[in-house]
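Note sheet for the following structure.
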Amino acid sequence: MKWIFLFFSLGIINSCVNKKKPKNFTILTNKKVFLPGDTLRISFKKNNILEFDSIVYYKDAKKITSIHEIGKKLGDKKITVKVYKKNNFRENSVNIRVLSSLTPKLFTYKIINEYPHDIQSYTQGLEFYENRLFESIGLRGKSELREIEFKSGKIIRNLPIDDSYFAEGLTLLNEKIYQLTWQSKMGFIYDLESFELIDSFEYKKSIEGWGLCNDGKFIYKSDGTSKIWVIEPDNLEEIDFIQVTTNKSIISKINELELINGKIYANTYQFNR
């Protein structure tokens, strides 16, 4: 994860203090799209008489205690300003976007080998674990969890999934298999060797279940948007997210995920990238 920093200065435009209650105000910024190292300037423009004794700033509903907190991560951010007068306050928000300062590199590839695979399986998740290949197959009524002998394509084990679920991405961590479902907001945990269902979990913040990978400490999950969610394996809570950006835009439809040598590789659904 690349950490970036924005610095902002604050100003009040045409503000005044009197005995009337606070009225609404407009937030002004010097621009809407930023790169790391840019300065974000926030100012107020009063719509009516504005009276206040304190001002509090929030980024995505979290109180800002340091000016560096605004730009720690790339992506879209909601800056909220609350103007207080005693116990009363007025608030307003503005959306900004922080893009990457790096131009993405265009990768090429070379096919080094080919292996047979069941062309009828609608592959959603694919992961090697200790030289063993595991696959999550989608479509309602056809979803399965499989272990495959990848050189021959032979199915070693398979576990059909209930017809109500559309299976999606999977990952393996600490002798357990984690499998997502698409729109049911439900994931499953299996024992690696027996394929026995150990537990299930819900995802409450992300929209859908798409891809999974892990770095040995955290699980990473895509949901079809630009976000890659960080999941705590002990309680399966979505504790944070990364928003995928380039130097020009935010990339959506992040799909299958693989983590190799500390980097997440992802494809984008229905796009050749």
Practice item. For Y58, check side-chain contact (heavy atoms from CB on, under 4.5 Å) against everything at least two apart and list the hits. Key: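 side-chain contact (heavy atoms from CB on, under 4.5 Å) check on Y58 returns V56, K63, T80, K82, Y84.
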
Quick check: do [X] and [Y] have side-chain heavy atoms less than 4.5 Å from each other?
X	Y	answer
Y203	L180	yes
K32	R97	no
I96	V33	no
V81	I55	yes
Y178	F201	yes
T29	R41	no

Check your understanding: Can you list the steps and then say if D240 with K73 is a salt bridge (Lys or Arg N to Asp or Glu O under 4.0 Å)?
Key -> CA-CA 11 Å; D240 202 354; K73 293 192 299 182; 2.5 Å; yes

Would the distance check show the side chain of [X] and the main-chain N or O of [Y] forming a donor-acceptor pair, the cut-off being under 3.5 Å?
X	Y	answer
S184	M186	no
K221	G169	no
T225	S252	no
T246	S249	yes
S222	G224	no

Around atom [atom1] of [X], are there more than 12 heavy atoms from other residues, nucleotides or ligands closer than 6.0 Å?
X	atom1	result
F128	CZ	yes
I119	CD1	no
K185	NZ	yes
Y122	OH	no
K204	NZ	no
K176	NZ	no

Measuring from atom [atom1] of [X] to atom [atom2] of [Y], what distance do you get when rounded to the nearest 0.5 angstrom?
X	Y	atom1	atom2	result
Y265	F107	OH	CZ	5.0 Å
L172	I177	CG	CD1	5.0 Å
E202	T181	CD	OG1	10.0 Å
E256	W210	CD	CH2	12.0 Å
F134	I148	CZ	CD1	10.0 Å
L173	L192	CG	CG	11.0 Å

Give a yes or no on whether [X] and [Y] share a hydrophobic cluster (residues Ile, Leu, Val, Met, Phe, Trp, Tyr; joining criterion: side-chain heavy atoms under 4.5 Å apart).
X	Y	value
L212	L145	no
I219	L197	no
F150	F195	no
I239	I264	yes

Practice item. Return the set of residues passing side-chain hydrogen bond (donor to acceptor under 3.5 Å, both in side chains) with N255 (not counting sequence neighbours), or none when no residue passes. Key: none

Does a donor on one side chain sit under 3.5 Å from an acceptor on the other, for [X] and [Y]?
X	Y	result
N214	T171	yes
N113	Y115	yes
Q243	S226	yes
E175	Y129	yes
S136	E168	no

I need the minimum non-hydrogen distance between [X] and [Y], along with the two atoms involved.
X	Y	answer
S143	G138	OG-C, 3.4 Å
I79	I27	O-CD1, 4.4 Å
S152	P116	O-CG, 3.1 Å

Point to revise | Stepwise salt bridge (Lys or Arg N to Asp or Glu O under 4.0 Å) check, R132 with E193 | key: CA-CA 11 Å; R132 300 160 65 184; E193 299 303 335; 3.1 Å; yes

Practice item. Start with the C-alpha distance between N247 and S100, add both sets of side-chain angles, then the distance that settles side-chain hydrogen bond (donor to acceptor under 3.5 Å, both in side chains), and finish with yes or no. Key: CA-CA 5 Å; N247 59 324; S100 173; over 6 Å; no

Please table the atom pairs, donor to acceptor, closer than 3.5 Å between any side-chain atom in residues 227-234 and protein atoms at least two apart or in another chain.
| unit_1 | atom_1 | unit_2 | atom_2 | d |
| --- | --- | --- | --- | --- |
| W229 | NE1 | D223 | OD2 | 3.1 |
| E232 | OE2 | D234 | N | 3.2 |

**Study point:** Non-neighbouring partners of Y190 that pass ring-ring contact (aromatic ring centres under 6.0 Å, His included), sequence neighbours left out
**Key:**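 Scan of Y190 (ring-ring contact (aromatic ring centres under 6.0 Å, His included), adjacent residues dropped) gives none.
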
Practice item. Give me the one residue out of V98, N95, I250 that meets side chain to side chain contact (heavy atoms under 4.5 Å, CB included) with D76. Key: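 The option that passes is I250.
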
Review point. In the hydrophobic clustering (ILVMFWY, side-chain contacts below 4.5 Å, transitive), which residues join F271, or is it alone?
Key: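 For F271, no cluster forms, as it stays isolated from other hydrophobic side chains.
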
Check your understanding: Who else is in Y109's hydrophobic cluster (ILVMFWY, side-chain heavy atoms under 4.5 Å, direct or via others)?
Key -> I111

Practice item. Could you go through the ring-ring contact (aromatic ring centres under 6.0 Å, His included) check for Y165 and W182 one step at a time? Key: CA-CA 8 Å; Y165 295 110; W182 179 27; over 10 Å; no

**Study point:** Residue that, paired with E135, satisfies side-chain hydrogen bond (donor to acceptor under 3.5 Å, both in side chains) out of Q124, R146, H117
**Key:** H117

